[in-house]
Amino acid sequence: YYTGFFIEKALSIDNVFVISLIFSFFAIPRIYQYRALLWGILAVIVLRGLMIAGGAALVEQAYWVLYIFAAFLIATGIRMLWVTDHAPDISKNPVVRWISTHMRVTKELHNEKFFVKVEDKATGHMVRAATPLFLALVVINLADLVFAVDSVPAIFAITTDTFIVYTSNIMAILGLRALYFALAAMVHRFHYLKYALAAVLVFIGSKIFIADFLLGGAKFPPVLSLGITFALILGGVLWSLWKTRGEAPAETH
């Protein structure tokens with residue numbers, strides 16, 4: 001449970017960076033970010049539950065799926081070591097473009113409302129339109145699904161107990177809103193954490209093969225797994241803070 005919790009919480013730091021970019025792109029003031037994050041987290045609880053249920057059903061029917069998860073984690077970890085960070089161009093997001101094309105979207109915010117009634121200039125009637133806050137909410141949920149592709153297989157590689165997988169994942173996610181407002185202004189200082197997370201993903205993925213092929217099917221010691229995971233993440237955080245000491249905080253809204 002704790003190993004899964006620490007992994008999900010550490011991966012959430014990258015999520016914080018993406019959420020900050022999304023709010024900046026849509027020019028969402030901090031006072032309205034609370035509501036978007038609240039509804040985003042509620043949606044995450046449902047979406048993660050569906051993903052975990054699907055993963056659990058796959059593993060129960062075919063244990064070899066865990067080997068696919070493990071290989072995916074190792075490949076993802078190696079890729080993180082070599083891929084250069086870059087800010088995503090949210091304006092080119094196909095969902096944002098589809099909503100902007102097929103729905104009425106206001107150009108300005110309307111406090112913390114996701115939908116408002118506006119006058120249709122063609123007919124003079126009042127019609128419903130989405131606000132930029134709603135678009136930000138949609139993109140945040142899409143970003144979480146992308147992050148879940150890494151984090152959910154990582155926890156399944158630790159345990160196949162669905163209750164532990166879901167509770168450790170959700171308990172880490174429930175603190176995302178508080179984590180965002182605590183770290184949004186200094187998330188740039190965790191640049192080197194990605195190398196620690198890459199090492200964690202490679203380690204977690206390798207555990208499956210080590211346990212089944214080197215330990216004769218014996219379970220990898222949970223305390224050792226937790227210790228290695230915690231040490232790697234803590235080392236990444238401390239190294240990042242030391243290497244980026246003195247840097248100016250990121251601009252926030």
Side-chain angles (χ1 to χ4, degrees), residues 1-19 44 47-48 51-52 54-56 58-59 63-86 88 142-162 164-173 175-176 179 183 187 189-215 219-240 243:
Y1 172 86
Y2 286 114
T3 304
F5 178 85
F6 282 128
I7 290 174
E8 180 59 45
K9 186 62 73 174
L11 289 172
S12 293
I13 295 178
D14 273 352
N15 210 347
V16 166
F17 172 71
V18 173
I19 291 173
V44 165
L47 294 175
R48 289 289 179 98
M51 291 186 68
I52 290 171
L58 280 175
V59 172
Y63 179 82
W64 54 265
V65 171
L66 280 180
Y67 297 132
I68 297 178
F69 285 170
F72 173 76
L73 293 175
I74 294 172
T76 301
I78 294 174
R79 180 175 176 274
M80 285 177 65
L81 293 174
W82 302 106
V83 174
T84 304
D85 291 335
H86 65 280
L142 289 175
D144 180 78
L145 285 177
V146 173
F147 281 99
V149 172
D150 290 339
S151 62
V152 171
I155 300 181
F156 269 113
I158 297 168
T159 177
T160 55
D161 186 317
T162 308
I164 294 178
V165 171
Y166 183 72
T167 53
S168 62
N169 206 276
I170 295 305
M171 291 304 292
I173 287 295
L176 181 60
L179 183 68
L183 298 181
V187 72
R189 295 194 60 190
F190 293 97
H191 172 73
Y192 295 96
L193 179 61
K194 79 166 191 174
Y195 300 108
L197 292 177
V200 168
L201 292 179
V202 171
F203 165 67
I204 295 299
S206 301
K207 267 198 340 173
I208 296 292
F209 298 107
I210 292 173
D212 286 3
F213 299 108
L214 296 182
L215 300 181
K219 190 175 182 180
F220 196 94
V223 175
L224 180 59
S225 177
L226 174 61
I228 294 174
T229 300
F230 182 77
L232 287 171
I233 294 173
L234 179 62
V237 170
L238 294 178
W239 179 254
S240 294
K243 289 289 288 185

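All values below were derived from every heavy atom in this structure, side-chain atoms included, with hydrogens, water molecules and symmetry-related copies excluded. Counting begins at 1 with the first residue of the sequence.
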Taking atom CZ as the centre, does F203 end up with more than 12 heavy-atom neighbours from other residues, nucleotides or ligands that are less than 6.0 angstrom away?
yes
How close do [X] and [Y] get, counting heavy atoms only, and between which atoms?
| X | Y | answer |
| --- | --- | --- |
| S225 | K207 | OG-NZ, 3.0 Å |
| F6 | I233 | O-CD1, 3.6 Å |
| T160 | L66 | CG2-CD1, 3.8 Å |
| D161 | T159 | N-OG1, 3.1 Å |
| L58 | V65 | O-CG2, 4.0 Å |
| L201 | A154 | CD2-CB, 4.2 Å |

CA sep, side-chain torsions, deciding dist, call: I52, F156, side chain to side chain contact (heavy atoms under 4.5 Å, CB included):
CA-CA 9 Å; I52 290 171; F156 269 113; 4.1 Å; yes
Does any non-hydrogen side-chain atom of I158 lie less than 4.5 Å from one of T229?
no
I need the L232 CG to Y195 OH distance, nearest 0.5 Å.
15.5 Å
Let me confirm one number: the CZ-CD1 distance from F5 to I170, rounded to the nearest 0.5 Å.
12.0 Å
Who pairs with S206 by side chain to side chain donor-acceptor pair (under 3.5 Å), at least two apart in sequence or on another chain?
none
With side chain to side chain contact (heavy atoms under 4.5 Å, CB included) as the test, would you mind laying out the steps for I7 and I204 before giving the verdict?
CA-CA 10 Å; I7 290 174; I204 295 299; 3.7 Å; yes
Just list the side-chain donor-acceptor pairs under 3.5 Å for residues 67-77, sequence neighbours left out, or say none.
{"unit_1": "Y67", "atom_1": "OH", "unit_2": "D212", "atom_2": "OD2", "d": "2.7"}
{"unit_1": "T76", "atom_1": "OG1", "unit_2": "F72", "atom_2": "O", "d": "2.7"}

